[in-house]
Amino acid sequence: MERRVFPQAQRGMSRALPWRKVALGATIAVGLTAAAPLSAQAAAPAACAALQAKYPDWKGKTLVNAINPHTPGYETIDPKDPSKYIGFDIDLGEAIGECLGFKLTYKPVTFAALLTTLAAGQADIVISDIYATKERAKAADFITYSKVFDGVLVAKGNPKGITGINMSMCGTAAAENTGYVEVPLIQALIPECKKAGKPEPTIQLYDNNANCIQAILAGRADTYINDVNTVDSAVKAYPDKLEKAIAVTIPYSVGIAVPKDKPKFRDAVLAALIEVQKAGTHMELLKKHGLDVNNFKEPDILTAD
C-alpha cells in the first residue's frame with residue numbers, strides 16, 4: 001500500500017452503546033437515531049469486564065483508528081458536524097473499545113495508506129471496510145467480521161453491457177480506488193481480452209469512492225466495482241443516472257487490521273468482537289446504517305502464516 005497521509009485528526013466520538021447507557025435526559029451522541037432512547041444505567045456486561053481484567057494493557061487508553069472516510073454507511077464525515085465521523089465501522093470500533101475499556105480517535109488517510117499508516121506506528125488499528133487478503137496479511141493481522149459482496153456500478157441503462165468482472169469489460173474503463181482488490185482482478189482480464197482479439201480494459205485509479213462514482217457521472221469511466229452496499233448507496237443518490245448491473249461474489253472477508261507484532265492486542269479485539277456479536281450489537285448496527293444483514297459473519301483471524 002502507498003500514498004500520502006492526510007493531517008491527523010484526533011477526534012474522539014462518544015457513542016452510546018447497548019451496554020453503556022446514558023443518564024436520563026442526557027444528550028445522545030451523534031449517529032444514534034432519535035428513536036433509540038437509552039435507560040439510565042452504566043455498566044458493561046460481565047464478559048467485557050472479564051476481558052478488561054484479562055487484557056488490562058488497553059483499559060483507559062486512547063487508540064488511533066486509521067480510516068478512509070469516504071464510504072457511506074461504513075465511515076464518512078458527519079454532514080452535520082465535519083469534526084466527527086459516522087458509520088457502521090465507526091460504531092463497531094467504539095463498541096469494541098467500550099468492551100475493552102479504550103477510546104478511539106481517528107486519523108483520515110487515503111485507502112492505499114491505511115496499512116502503511118498502521119505499520120509506521122501512526123495508528124493502532126484499522127477499521128475501515130478493508131478486505132482481508134493473504135497479500136495484505138503480510139503487512140497486518142486481520143480479524144474478519146463481514147462477508148463480501150461486490151456491486152457493479154454503471155451508468156443508467158448499462159450502455160456498455162457490463163455483466164461482471166468478465167469479458168464484458170473488454171474495451172471499457174473502470175474507476176477503482178488505489179489498492180483495491182478489484183484492481184488485479186480487472187488487470188487479469190487484459191491478456192484474456194487480447195487473446196480474444198478485443199480491446200483491453202483500462203483502469204483509472206482514484207483516492208476515494210466519491211471520485212470513482214464521479215468518474216462515471218462525468219462519463220470518464222464505464223464502471224466502478226466495490227462493496228455492494230456502497231454501490232447501492234450511489235444508485236440511491238443518483239437514481240436517474242446510475243444503476244447496479246449485477247452483484248458478484250468476491251472471495252474475501254472484511255477485516256479489522258492490527259499490527260503484526262501485537263498478537264495479544266489482536267486476540268483482545270477478537271474476543272471483544274465476539275462479545276459485541278453475542279450482545280446483538282453487530283446486527284443492530286448493520287440495520288441502523290442500512291447495510292445488508294447477510295454481510296454478518298462470525299469473526300476469525302487471517303494472518304500471512
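Counting begins at 1 with the first residue of the sequence.
Using a distance-only test at 3.5 Å, with no hydrogens or angles considered, no donor-acceptor pair links the side chain of Lys160 to the main chain of Ala173. Counting only distance, with no hydrogens or angles, the side chain of Lys61 and the backbone of Asp57 share a donor-acceptor pair below 3.5 Å. The closest donor-acceptor contact from the side chain of Asn177 to the backbone of Tyr180 lies at 3.5 Å or more, if one exists at all. Of the possible donor and acceptor atoms, none in the side chain of Thr76 sits under 3.5 Å from a partner among the backbone N and O of Pro72. Between the side chain of Asp141 and the main chain of Thr303, no donor-acceptor pair closer than 3.5 Å is present. A donor-acceptor contact shorter than 3.5 Å is absent between the side chain of Gln52 and the backbone of Lys59. A distance-only check finds a donor-acceptor pair linking the side chain of Lys156 to the backbone of Pro239 [under 3.5 Å]. The closest donor-acceptor contact from the side chain of Asn295 to the backbone of Ser146 lies at 3.5 Å or more, if one exists at all. Checked by atom type and distance alone, the side chain of Asn158 pairs as donor or acceptor with a backbone atom of Ile162 at under 3.5 Å. With hydrogens and angles disregarded, no donor-acceptor distance shorter than 3.5 Å links the side chain of Lys147 to the backbone of Val254.
Note that the CD1 atom of Ile125 and the NZ atom of Lys262 stand 10.5 Å from one another [nearest 0.5 Å]. In this structure, Asn208 CG and Asn211 CG are separated by 4.0 Å, a value rounded to the nearest 0.5 Å. Within the model, atoms NZ of Lys194 and SG of Cys170 stand 11.5 Å from one another, a figure rounded to the nearest 0.5 Å. Distance check, rounded to the nearest 0.5 Å: CG of Asn65 to CD1 of Ile127 gives 5.0 Å. In this structure, NZ on Lys288 lies 3.5 Å from CG on Asp91, to the nearest 0.5 angstrom. One distance of note links CG of Asp207 with OG1 of Thr110; it measures 5.5 Å at 0.5 Å rounding.
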Does the side chain to side chain contact (heavy atoms under 4.5 Å, CB included) test come out yes or no for Tyr238 and Leu217, once each step is laid out? CA-CA 9 Å; Tyr238 302 97; Leu217 292 171; 3.6 Å; yes

Taking it one step at a time, do His70 and Tyr206 satisfy ring pair (Phe, Tyr, Trp, His ring centres under 6.0 Å)? CA-CA 12 Å; His70 301 284; Tyr206 296 94; over 10 Å; no

Going through the checks in order, is the side chain to side chain contact (heavy atoms under 4.5 Å, CB included) test met by Thr116 and Val109? CA-CA 10 Å; Thr116 53; Val109 300; over 6 Å; no

Take Leu51 and Leu100 through the test side chain to side chain contact (heavy atoms under 4.5 Å, CB included) and record every step on the way to the result. CA-CA 6 Å; Leu51 288 181; Leu100 290 174; 4.1 Å; yes

Under the salt bridge (charged side-chain N to carboxylate O under 4.0 Å, His left out) criterion, do Lys278 and Glu275 qualify, and how do the steps go? CA-CA 5 Å; Lys278 285 181 179 178; Glu275 295 306 324; 3.7 Å; yes

Apply side chain to side chain contact (heavy atoms under 4.5 Å, CB included) to residues Asp150 and Glu182 and explain how you reach the verdict. CA-CA 9 Å; Asp150 267 9; Glu182 290 83 1; 2.4 Å; yes

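The shortest side-chain heavy-atom distance between Asp78 and Tyr85 does not fall under the 4.5 Å cut-off. With contacts defined as side-chain heavy-atom distances shorter than 4.5 Å, the pair Leu302/Ser253 does not qualify. The closest side-chain heavy-atom distance from Phe111 to Thr178 is not below 4.5 Å. Inter-residue side-chain proximity for Val148 and Val228 is flagged as unmet; no heavy-atom pair is nearer than 4.5 Å. Here the side chains of Leu92 and Leu273 are in contact, with some heavy-atom distance below 4.5 Å. Contact annotation: the side chain of Cys193 approaches that of Pro201 to within less than 4.5 Å [non-hydrogen atoms, C-beta and beyond]. For the pair Asp81 and Ile86, the minimum side-chain heavy-atom distance is 4.5 Å or more. In this structure, the side chains of Arg266 and Ile301 come closer than 4.5 Å at one or more pairs of heavy atoms.
Hydrophobic clustering (ILVMFWY, side-chain heavy atoms < 4.5 Å, transitive): Leu205 and Tyr131 are in one cluster. Linking ILVMFWY side-chain heavy atoms closer than 4.5 Å, directly or via other members, places Ile216 and Val183 in a single hydrophobic cluster. Under the 4.5 Å side-chain contact rule for hydrophobic residues, Phe296 and Ile130 share a cluster. Grouping the Ile, Leu, Val, Met, Phe, Trp and Tyr side chains by contacts below 4.5 angstrom, directly or via other members, places Ile246 with Tyr224. Note on Ile190: it does not cluster hydrophobically with Met169, by side-chain heavy-atom contacts below 4.5 Å among ILVMFWY residues.
Scanning all heavy atoms of the two residues, the minimum distance from Ala174 to Ala221 falls at C-CB, 4.5 Å. Contact detail for Trp58 and Phe102: the closest heavy-atom pair is O-CB, 3.2 Å. In this structure, Val152 and Gly164 approach most closely via the heavy-atom pair CG2-CA, 4.1 Å. When all heavy atoms are compared, the tightest approach of Val258 to Leu118 is C-CD2, 3.7 Å. A pairwise comparison of heavy atoms in Gly73 and Leu291 identifies O-CD1, 3.8 Å as the closest pair. Looking at every heavy atom in both residues, Asn229 comes nearest to Gly290 through OD1-O, 4.4 Å.
Counted by atom type alone, Asn166 and Thr163 present one or more donor-acceptor pairs between their side chains at under 3.5 Å. A donor-acceptor pair shorter than 3.5 Å can be found between the side chains of Asp300 and Thr144. Under the 3.5 Å distance criterion, with hydrogens and angles disregarded, a donor-acceptor pair is assigned to the side chains of Asn226 and Asn209. In summary, the side chains of Asp89 and Tyr145 do present a donor paired with an acceptor at a separation below 3.5 Å, with no hydrogens or angles considered.
In this structure, Asp232 pairs ionically with Lys244, as a charged nitrogen and a carboxylate oxygen lie closer than 4.0 Å.
A perpendicular orientation is assigned to the rings of Phe88 and His289, their planes being inclined by more than 60° (bins at 30° and 60°).
Surrounding NZ of Lys236 are at most 12 heavy atoms belonging to other residues, nucleotides or ligands under 6.0 Å away.
The side chain to side chain donor-acceptor pair (under 3.5 Å) with Tyr74 is formed by just one residue from the set Thr230, Asp129, Asp227; it is Asp227.
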